[in-house]
Trainee: 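Please read through the structure below; I'll follow up with questions.
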Amino acid sequence: MTQFDLSVDRLRTYRSASVEPEDFDAFWTKTLDEARAHELDARFEPVATGLATVEVYDVTFAGFGGHPVKGWFVLPAGTSEPLPVVVEFLGYGGGRGLPHTHLLWASAGFAHFVMDTRGQGSGWATGDTPDPVGSAPSFPGFMTRGVEDPYAYYYRRVFTDAVRAVEAARSHPLVDAGRTAVTGGSQGGGITLAVAGLVRNLVAVAPDVPFLCDFPRATTITDRMPYREIGNYLKTHRGRVQRVRETLAYFDGVHFAARATAPALFSTALEDETCPPSTVFAAFNAYAAEEKAIELYDFNDHEGGGTFQQAAQLRWLPGRLR
């Protein structure tokens with residue numbers, strides 16, 4: 001595979017054609033107000049893992065609709081004073097998995113909160129959070145669940161869970177709530193951008209090869225899943241393109257990015273057909289904070305920078321959190 005998208009020069013000036021709904025802010029204010037009508041009820045239960053350098057807690061908190069959402073909370077062993085916290089969101093199809101797979105940020109000296117993704121957790125890592133909300137007919141996967149109505153759309157629930165996850169993380173007595181960063185790769189990167197636009201007082205945002213950005217281009221430039229789920233749905237449900245596009249606009253990372261104020265470190269890979277670089281740059285170019293940077297991986301697909309990007313984050317993030 002060679003580079004297939006726009007040239008780097010064009011990527012740096014590219015702007016999405018996604019049309020922001022007039023009631024975008026009102027929609028999300030109403031959604032989050034409804035979620036906050038339920039007690040957060042964040043519970044942290046110690047877990048015996050056999051790990052000597054970290055302490056792990058099994059987390060449950062109330063997300064969208066008051067539904068219980070799971071997570072892991074990981075601290076450096078012996079923590080006695082509040083620490084900055086990194087809240088992490090996960091890639092498509094995966095769940096929170098096992099605690100020993102989440103050691104990076106605690107090893108760097110931070111509190112680490114990992115949110116399970118409702119209804120997922122059978123693709124590449126196990127999950128423990130069901131999605132009790134049904135939907136109209138959809139194409140297999142998660143991208144088209146309720147896709148003809150923004151109030152019924154699957155990612156309304158996920159993005160709300162993510163905002164509540166930040167609130168849950170900040171509620172722990174060993175977290176310095178004023179030093180909160182959010183991060184994630186692929187779907188987790190898209191969720192990260194949603195949180196960046198919906199939560200104030202973040203100190204850092206690190207979306208890695210983010211998904212869920214620039215839907216008008218993403219759904220037409222690539223045949224890869226998961227974006228292709230939308231095309232396959234519309235292949236069957238002919239004549240509903242506009243309705244679907246109007247729904248997706250409420251969940252487009254481009255519009256959340258336009259509301260974000262925290263410093264950000266993005267990444268993209270120029271051979272990425274799953275999350276094409278133009279869709280990532282659409283969000284990056286719209287990102288409202290003055291302090292922002294993007295790492296480019298010229299000859300990589302959706303794996304992006306992998307451990308090299310983690311190393312870049314380890315160089316960048318501590319300066320914001322400390």
Side-chain angles (χ1 to χ4, degrees), residues 1-18 89-94 117 120 122-125 138-145 147 154-155 158 183-194 206-236 241 244-245 248-249 251-257 264-287 294-310 312-313:
M1 176 63 195
T2 55
Q3 294 170 13
F4 70 100
D5 205 339
L6 304 176
S7 68
V8 172
D9 286 345
R10 291 184 63 194
L11 289 172
R12 294 194 184 282
T13 59
Y14 171 72
R15 292 284 176 167
S16 172
S18 182
F89 308 107
L90 302 171
Y92 193 80
T117 309
Q120 299 187 33
S122 296
W124 51 270
S138 61
F139 186 84
F142 305 95
M143 292 298 294
T144 65
R145 293 185 180 184
V147 75
Y154 171 75
Y155 280 102
V158 173
T183 189
S186 194
Q187 175 187 255
I191 299 171
T192 293
L193 285 171
D208 185 15
V209 291
F211 182 45
L212 307 170
C213 298
D214 193 9
F215 284 111
R217 182 167 176 83
T219 55
T220 55
I221 193 176
T222 181
D223 285 330
R224 277 218 199 139
M225 298 293 187
Y227 281 124
R228 187 57 200 168
E229 291 177 25
I230 297 168
N232 287 341
Y233 178 86
L234 292 171
K235 183 184 292 186
T236 301
V241 172
V244 167
R245 285 180 175 169
L248 293 175
F251 305 91
D252 198 317
V254 170
H255 306 315
F256 293 111
L265 177 65
F266 284 66
S267 76
T268 188
L270 298 186
E271 294 187 5
D272 188 349
E273 290 187 271
T274 301
C275 296
S278 57
T279 67
V280 176
F281 266 95
F284 177 77
N285 292 337
Y287 197 86
I294 186 166
E295 298 283 340
L296 302 184
Y297 296 97
D298 294 352
F299 293 97
N300 289 94
D301 200 325
H302 195 51
E303 76 279 2
T307 55
F308 287 82
Q309 182 62 18
Q310 289 179 325
Q313 292 173 342

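Nothing here was measured: the structure is a model prediction, and the numbers come from that model.
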Trainee: Under a 3.5 Å distance rule, please check whether E295 uses its side chain to pair with a backbone N or O of L265 as donor and acceptor.
Mentor: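 Not a single qualifying donor-acceptor pair exists.
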Trainee: What closest approach, in Å, do Y227 and P276 show between heavy atoms, and which atom pair accounts for it?
Mentor: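 For Y227 and P276, the tightest heavy-atom pair comes out as CE1-CD, 4.4 Å.
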Trainee: Please list, chain by chain and in numerical order, all residues satisfying side-chain contact (heavy atoms from CB on, under 4.5 Å) with S186, sequence neighbours excluded.
Mentor: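 Only F211, C275, H302 meet the side-chain contact (heavy atoms from CB on, under 4.5 Å) criterion with S186.
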Trainee: Testing the basics here: between G189 and P207, what is the closest heavy-atom pair and its distance to 0.1 Å?
Mentor: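 Closest pair (atom of G189, atom of P207, distance): O-CB, 3.7 Å.
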Trainee: What heavy-atom pair brings P210 and S267 nearest, and what distance separates the two atoms?
Mentor: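 Where P210 meets S267 most closely, the heavy atoms are CD-O, 3.6 Å.
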Trainee: Taking Q3 for its side chain and F299 for its backbone only, find out whether a donor-acceptor pair lies under 3.5 Å.
Mentor: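 No.
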Trainee: How long is the gap from OG on S18 to CZ on F215, to the nearest 0.5 Å?
Mentor: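 Those atoms lie 8.5 Å apart.
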Trainee: Check side-chain contact (heavy atoms from CB on, under 4.5 Å) between R12 and all other residues, then give those that pass, not counting sequence neighbours.
Mentor: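 By the side-chain contact (heavy atoms from CB on, under 4.5 Å) rule, R12 matches V8, F281, I294, L296.
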Trainee: For N300, check side-chain contact (heavy atoms from CB on, under 4.5 Å) against everything at least two apart and list the hits.
Mentor: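 Checked N300 against side-chain contact (heavy atoms from CB on, under 4.5 Å); matches are A269, Y297, E303.
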Trainee: Strictly distance-based, threshold 3.5 Å: is any side-chain N or O of S16 a donor or acceptor partner for the main-chain N or O of D214?
Mentor: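 Flag not set: sc S16 to bb D214 has no pair under 3.5 Å.
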Trainee: Less than 4.5 Å apart, side chain to side chain, heavy atoms only: is that true for L270 and L11?
Mentor: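 Yes, their side chains come closer than 4.5 Å.
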Trainee: Sub-3.5 Å donor-acceptor pair from the side chain of T144 to the main-chain atoms of I230, do we have one?
Mentor: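 No.
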Trainee: Indicate yes or no: at least one non-hydrogen side-chain atom of V147 is less than 4.5 angstrom from one of E229.
Mentor: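 Heavy-atom side-chain distance check fails, nothing below 4.5 Å.
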Trainee: Let me confirm one number: the OG1-CD distance from T117 to Q187, rounded to the nearest 0.5 Å.
Mentor: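 Those atoms lie 5.0 Å apart.
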Trainee: Might you point out which heavy atoms bring L193 and C213 nearest each other, and give the distance in Å?
Mentor: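 The answer is CD1-SG, 3.6 Å.
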Trainee: What are the two closest non-hydrogen atoms of D301 and D272, and how far apart are they?
Mentor: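 Of all heavy-atom pairs spanning D301 and D272, the closest is OD1-CA, 3.4 Å.
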Trainee: Quick one: list whatever passes ring pair (Phe, Tyr, Trp, His ring centres under 6.0 Å) with Y14, sequence neighbours left out.
Mentor: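 Expected list: none.
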Trainee: If we only count heavy atoms from C-beta on, is the M143 to L212 side-chain gap below 4.5 Å?
Mentor: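 Yes - at least one pair of side-chain heavy atoms lies under 4.5 Å apart.
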Trainee: Donor-acceptor check, side chain of T222 to backbone of A218, threshold 3.5 angstrom: yes or no?
Mentor: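 Checked: no pair found.
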Trainee: Just checking, is any N or O donor in the side chain of T274 or R224 under 3.5 Å from an acceptor N or O on the other one?
Mentor: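 The answer is yes; a qualifying pair exists.
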Trainee: I'd like to check the side-chain contact (heavy atoms from CB on, under 4.5 Å) partners of T236; sequence neighbours left out, ordered by chain and number.
Mentor: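 With sequence neighbours excluded, T236 shows a side-chain contact (heavy atoms from CB on, under 4.5 Å) to no residue whatsoever.
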Trainee: When rounded to the nearest 0.5 angstrom, what distance separates CG in D208 from CD in Q310?
Mentor: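 So the CG of D208 and the CD of Q310 are separated by 8.5 Å.
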Trainee: Going from OG1 on T192 to CZ on F256, what distance comes out if it is rounded to the nearest 0.5 angstrom?
Mentor: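 It is 12.0 Å, given to the nearest 0.5 Å.
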Trainee: Do side-chain atoms of R15 reach the backbone of N285 as a donor and acceptor pair under 3.5 angstrom?
Mentor: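 Yes, the answer is positive, given that a donor and an acceptor are paired below the 3.5 Å cut-off.
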Trainee: Does the ring centre of F251 sit less than 6.0 Å away from the ring centre of Y155?
Mentor: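 No, ring centres 6.0 Å or more apart.
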Trainee: Measure from the side-chain N and O atoms of Q120 to the backbone N and O of G93, and report whether any donor-acceptor pair falls under 3.5 Å.
Mentor: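 The answer is yes, because a donor-acceptor pair under 3.5 Å joins these two groups.
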Trainee: Measuring only between side-chain heavy atoms, which start at C-beta, is M225 closer than 4.5 Å to N232?
Mentor: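 In contact.
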Trainee: Y287: which residues meet the ring pair (Phe, Tyr, Trp, His ring centres under 6.0 Å) condition with it, sequence neighbours left out?
Mentor: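 For Y287, the residues satisfying ring pair (Phe, Tyr, Trp, His ring centres under 6.0 Å) (neighbours in sequence not counted) are F266.
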Trainee: Taking T220 for the side chain and P216 for the main chain, is one N or O donor matched with an acceptor at less than 3.5 Å?
Mentor: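 Side chain of T220 to backbone of P216, a donor-acceptor pair under 3.5 Å: yes, one is there.
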Trainee: Indicate the atoms forming the closest heavy-atom contact of R217 with S278, along with that distance.
Mentor: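 It is NE-OG, 2.6 Å.
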